[in-house]
Structure formats: structure tokens, C-alpha cells
Amino acid sequence: MGRVTRGYWLAGAVLLLGGAVVTRAQAPDRHVWTGVYTKAQAERGKIAYAENCAACHGETLAGIDVAPALVGPNFLNNWNNTSAGDLFGRIQSTMPLNAPGSLGGRKVADIEAYMFEANGFPAGDLALPPNAALMPNVRIVAQKPEPAAAGQACTCGK
């Protein structure tokens, strides 16, 4: 490959990478109170939870013995002001205990949607994506934020 051709490839790669950085930097912050999962996703998640999680975390997500609760104040305090991607990553890499890393991305997103529903967060029109990298701007915010005044952006979790 000639020097000129290599230069074009390098310039193209820089442009693509720069565009991705700008796009990510401009992605709006969303939070769990804005409907970051769908009702259908939470329904699938309830089934996946029963099959993969309930034996340790309990049928009601309240925790059993050493497995922590996935619902309620302790759970929300532990995950407050983190991203849905952080929670997704934890679930995907460490669960279930007897087979860590065995759950696919869609199943993890569905389980996370069910957890959000069980914690009282509203459903929306878009499903949680099946990849942690696609949800860094989706914040877990324990307390429902006050509505922003007209024209103001939400600063939830900041």
C-alpha cells in the first residue's frame, strides 16, 4: 500500500473516531424515571429472572441469605448515580453465580428492565439495549427528580 493510500486510510479513521467521540459527548442524559425500558421487555425479564436469578435473590427480588436484594432502598442506594450500563456489566459478568457470564446481552437487558419495573421506574417506548456500551448515559437515580422548568435540561445524577 502506497504512502498516499495509507494517509487516506488514516485520515478516514481519525474522522470516524472523532465523529464517534462527538456523538457520544452529545448524547443526552436519560435516567430511569424517563422510561428507559419497555413493558414487553420487563415481561421477558420477569421470566428470565425466574429461570436464572430467583433461586438466589428470591421470587420477589428481596434477596436471600447472602444474595442482596435487587429492589428497595438498599439496592437503590448502592446503584444511585451509576449508569444502567454499569449494572448491566455487573449482571453479565458475574451472574448467575453457578455460570457467570453465561447470560446473553438481550437476556441481561430484559432482567435489568424487570428490576427497574420492580423498583417502580416507569416503562417507555424504547427498550434497554443489549449492550452496556450503548447505555452509559442512562442513569440510575433513586429519587424521582423534580420536573425541569421549561427550556432547562435535566441535571439528574449530576
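What's counted below: heavy atoms across the whole structure, side chains too, no hydrogens, waters or symmetry copies.
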> Taking it one step at a time, do R139 and N81 satisfy side chain to side chain contact (heavy atoms under 4.5 Å, CB included)?
Replying inline: CA-CA 6 Å; R139 308 298 300 165; N81 291 322; 4.3 Å; yes
Give every donor-acceptor pair under 3.5 Å between a side-chain atom in residues 85-104 and any protein atom, sequence neighbours left out.
| from | atom 1 | to | atom 2 | distance (Å) |
| --- | --- | --- | --- | --- |
| D86 | OD1 | S83 | OG | 3.4 |
| D86 | OD2 | S83 | N | 3.2 |
| D86 | OD2 | S83 | OG | 3.4 |
| S93 | OG | G89 | O | 2.8 |
| T94 | OG1 | R90 | O | 2.5 |
| S102 | OG | A99 | O | 2.7 |

> For Q41 and L126, what are the C-alpha separation, side-chain angles and deciding distance, and is it a side chain to side chain contact (heavy atoms under 4.5 Å, CB included)?
Replying inline: CA-CA 9 Å; Q41 188 177 33; L126 295 174; over 6 Å; no
> What pairs with R106 under side-chain hydrogen bond (donor to acceptor under 3.5 Å, both in side chains), at least two apart in sequence or on another chain?
Replying inline: none
>> Within the 4.5 Å heavy-atom criterion, are H31 and V138 side-chain neighbours or not?
In response: no
For a quick test of your reading: what N or O donor-acceptor pairs under 3.5 Å do the side chains of residues 59-79 make, sequence neighbours left out?
| from | atom 1 | to | atom 2 | distance (Å) |
| --- | --- | --- | --- | --- |
| N77 | ND2 | P73 | O | 3.2 |
| N78 | ND2 | N74 | O | 3.2 |

> Considering all heavy atoms of both residues, which atom of A48 and which atom of K107 are nearest to each other, and what is their separation?
Replying inline: CB-CG, 3.6 Å
>> Please report the interatomic distance CD(E43) to OH(Y114), rounded to the nearest 0.5 Å.
In response: 11.5 Å
> Shortest non-hydrogen contact from A142 to N80?
Replying inline: N-OD1, 2.7 Å
>> Return the CD1 to CH2 distance between I140 and W33, rounded to the nearest 0.5 Å.
In response: 12.5 Å
> Closest heavy-atom contact between L134 and P136?
Replying inline: C-CD, 3.4 Å
> salt bridge (charged side-chain N to carboxylate O under 4.0 Å, His left out) with K39: which residues, sequence neighbours excluded?
Replying inline: E117
> Which pairs with one or both residues in residues 123-144 pass ring-ring contact (aromatic ring centres under 6.0 Å, His included), sequence neighbours excluded?
Replying inline: none
> Looking only at heavy atoms, which two atoms of V141 and F121 are closest? And how far apart?
Replying inline: O-CE2, 3.7 Å
>> In terms of relative ring orientation, are F116 and Y37 parallel, tilted or perpendicular, with 30° and 60° separating the classes?
In response: tilted
> Can you list every side-chain hydrogen bond (donor to acceptor under 3.5 Å, both in side chains) pair that touches residues 44-58, not counting sequence neighbours?
Replying inline: R44-D110
